[in-house]
Amino acid sequence: MKQIDLVIVGGGPAGMSAAIAAYESGIRNLLILERDSSLGGILQQCIHNGFGLHRFGEELTGPEYAWRYEKKVKELNIPYLLNTMVLDISPDKVVTATNGEDGIFTIQAKAVILAMGCRERSKGALNIAGTRPAGIYSAGTAQKYVNLKGYMPGKNVVILGSGDIGLIMARRMTLEGAKVHAVCELMPYSGGLARNIEQCLNDFGIPLRLSHTVVEIHGKERLTGVTIAKVDECRRPIPETREYIPCDTLLLSVGLIPENELSKTASVTLDRITNGALVDQDRQTEVEGIYACGNVLHVHDLVDFVSEEAEIAGKNAAAYIKGETEEKTSVALSTDGKIRYTVPQRITKKKEVAVFFRVADVYRNVKILVKDGDRVVYSKKKIKVAPGEMECVTLRPEHFEGVDGLRFELEVQEA
Amino acid sequence: MYDVAVIGAGVVGAMIARTLSAYRLKLCILEKQSDVAMGASSANSAIVHAGFDAKEGSLKAKLNVRGAQMMAQVCSELGVKYINNGSLVIGFNEEDEKTVEKLYYRGIANGVEGLKILSPAEMQAIEPNISKNATCALYAPTAAIICPYGLTIAAVGNAMDNGADLKLDFEVTDIQNRGDYYEISNGSETVKAKYVVNAAGLYSDAIARLVGDDSFHITARRGEYILMDKELGSLISTTVFRTPSKMGKGILVTPTVDGNLLTGPTSLDIGDKEDKATTAEGLALVMRESMENVDGVRFQQTITSFCGLRAVGSTGDFIINVPTDRFVNVAGIESPGLSASPAIAEYVVELLASAGCALEKNPDYIATREALHAFREASIEEKNEIIKKDPTYGHIICRCETVTEGEILAAIRTNPKPRDLDGVKRRTRAQMGRCQGGFCSPYIVELLAKEMGVPYESITKFGGDSVVNVGKTKEDREHEAN
């Protein structure tokens, strides 16, 4: 069996950043396995701009952002295989993969970085009543048809869900000559970035119907319309508010699910909230030598943070391979529900750590509290927090000296 | 001139055609849809019933028990997945216990083997996740699960391998008896056949009327289902029914041959034979009842929901007869039609023989067909041998169900050839997993367009106007420029 120090599963922004960071930390025997026909992952179809503001201080398109990393991968001669799908990862880090050239092959790795990204929640999972005609797509699938294949999935569009891809596609479809009649959002707030609401909906006069959902699908062969309705506080549709919108296309942007099927084969423990692995500050999962980063770990708002996180994973996987050790501790991080989750979920080393999290609702004038029992070890005020945007606090070793658990809470002055 | 024309390429028509293809007969299958298995054959419980439901002495009872006995052999010949998993009918009160007892004795009268009434402890031993409230159960070890559209596709494919013709998009609108033969027309094309088999499902009454038989009518009975992720597929191993009511066998919970968990169906007679819409009420009923029967069913793990229409005949039994010369009705084949289908085919061949159809064995008849899922089930060494010869078998297109480009191309090139996304789905499982084609459908559209030599934007989801894309981007601008 082939022996490789570090196998990186996925050649999107996370996989490439992780590989570069590991290379720069001295790892030379490494390999990226990518299922698609090019590196770059989902960025290849994200032809809009807005990527890289934090990293590069400029607004790049998705392919441009990906190219900066791809170029580096190529300059460093980091090996990668395209059109190669990983089929299995065992807990002792035997990676099984397949492609047309090599057939099904196995690699014994010293460390593995999981960077498989995420997928969109499908229509089936929503159990919407009605028929099952053509014309219903997840927003990302429509994006692939339009941006990569050059075909129009439809001309009269309703979008369910105001996740970022849905918002981006509202604008894209409009620019391609389609009419977007409405973006319906089940929640009383959007799950997307504020800048996308502004630039993709408001600038084009596309109505955002908050607290609305699609309750019925019509049409036998091709979609002919949808019935939408307002929902009450418990998210139940209110029958009197039913409203029929004729359309030939329904795009869904109703959530992203980290693709952790392979993580499960490796016995990696998953977080119930993020649907990604439980990790420490190094992005090491509970299986030693297996790391995770990017959208397979938790769904990010900006790719800039994916790259940053992947570099942490790559650097630390390199340190693990080289057998470097640091002073250990064990601090479990928990949340109060208003804060839904943290990444990492555990601190195992006495060094500075950036903790990322998302909140459950839109809150104004809040105080983020990090507590050891009743003792507040850290606090930070914010004017507004929203589920669509990732938050971050940086803890230093003195914040968790001698502590075995920290709880992240949100003190809300005004809901 | 065909010897026999079979109208309808559902599982019944498919099995009849396949059985007839063992004889020296020129055969034709006429199907109004763009693919085979487009009606009830692709939206049902996927169960081979043991045979204790139908009334003693009925055609349903006789053909169900016989069909169930034949099914394992048929599936093995055709390379269709079949798992003999057994079934339980569970009850929750004294009245249910009486029903279970009645089914037990009816099953014995019907000739069902191995039936046993279980105590709560015995049923918990078989199915630990069954509701703790269940007080009684009827165990039928001969029950099985199969892939119903897989069976239909394989049977049509096998009939075609043995020389049968398949005409898709052929909706029969007129039948004329010319004395020695029939002229069957769709308005623009006419097919001549000496014998006609009417296996037109929901529309078998309309087809019968074309030859002057108005002795029965067919009602559509809606059945809504929910299909769940493979993570729930091992929750139970047997098919778990509720004690039946007048409207059907109640909501069942069953593993599928592909490892998913399936629950349903509801049961509602409706006027519209085309109304395959699911309803909020129906789906809610499926969820409620299945959770009552089996612990651990989680609808957050839903992959999709769908609705099938059962063709319920007005006589209460299967309607299999010869109303006029050389014309056989095979109508009202509701549940247990799938289970009975091999026996129905056998019976129809007998009727055709009595009606004068000469049956001479086809010496070149091949009873077997290579399974489309053969690659998936091969060992790694075998797979690597195949990939070495054809690298497309190393390239995964559908990541959720791990389906390779080679498998998809093979399916597109194998009779009956699929022409749309759903056709590829039913043959390969590509698009059938968690992402429901989100990632792979743009690639499958490309493979279909290339293989068929048609434009990308002409590819449909399931024929007709169900186009996946409505045109090219910037198309309007090109028109302006021109």
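Proteins get letters first, then strands, A, B, ... in listed order; numbering begins at 1 in each. All values below were derived from every heavy atom in this structure, side-chain atoms included, with hydrogens, water molecules and symmetry-related copies excluded.
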side-chain contact (heavy atoms from CB on, under 4.5 Å) assessment of Met287(B) paired with Asn127(A): CA-CA 11 Å; Met287(B) 292 189 205; Asn127(A) 258 340; 3.2 Å; yes
Okay, Ile128(A) and chain B: the region with an atom under 4.5 Å from a heavy atom over there is backbone
Given a strict heavy-atom distance threshold of 4.5 Å, which part of Pro133(A) is in contact with chain B: side chain, backbone, both, or neither? backbone
Sub-4.5 Å side-chain heavy-atom contact between Arg434(B) and Ile257(A): no
What part of Lys149(A) gets within 4.5 angstrom of chain B, counting heavy atoms only: side chain, backbone, both, or neither? side chain
Checking Asn147(A) against chain B: side chain, backbone, both or neither under 4.5 Å from a heavy atom? neither
Counting C-beta onward and ignoring hydrogens, is there a side-chain heavy-atom pair between Lys264(A) and Glu231(B) closer than 4.5 Å? yes
With side chains defined as the heavy atoms from C-beta onward, is the minimum distance between Val470(B) and Arg222(A) less than 4.5 Å? yes
Kindly indicate whether the side chain of Ile396(B), heavy atoms from C-beta on, has any atom under 4.5 Å from the side chain of Leu87(A). yes
Assess whether side-chain contact (heavy atoms from CB on, under 4.5 Å) is satisfied between Val445(B) and Tyr151(A), documenting all intermediate values. CA-CA 11 Å; Val445(B) 169; Tyr151(A) 291 93; over 6 Å; no
Mind checking whether Arg399(B) and Met85(A) have side chains closer than 4.5 Å, heavy atoms only? yes
Run Glu120(A) and Phe439(B) through side-chain contact (heavy atoms from CB on, under 4.5 Å) and show every step you take. CA-CA 9 Å; Glu120(A) 298 175 279; Phe439(B) 286 112; over 6 Å; no
Applying a strict 4.5 Å limit to non-hydrogen atoms, the region of Glu259(A) in contact with chain B is side chain
Quick one: does Lys472(B)'s side chain get under 4.5 Å of Met152(A)'s, heavy atoms only? no
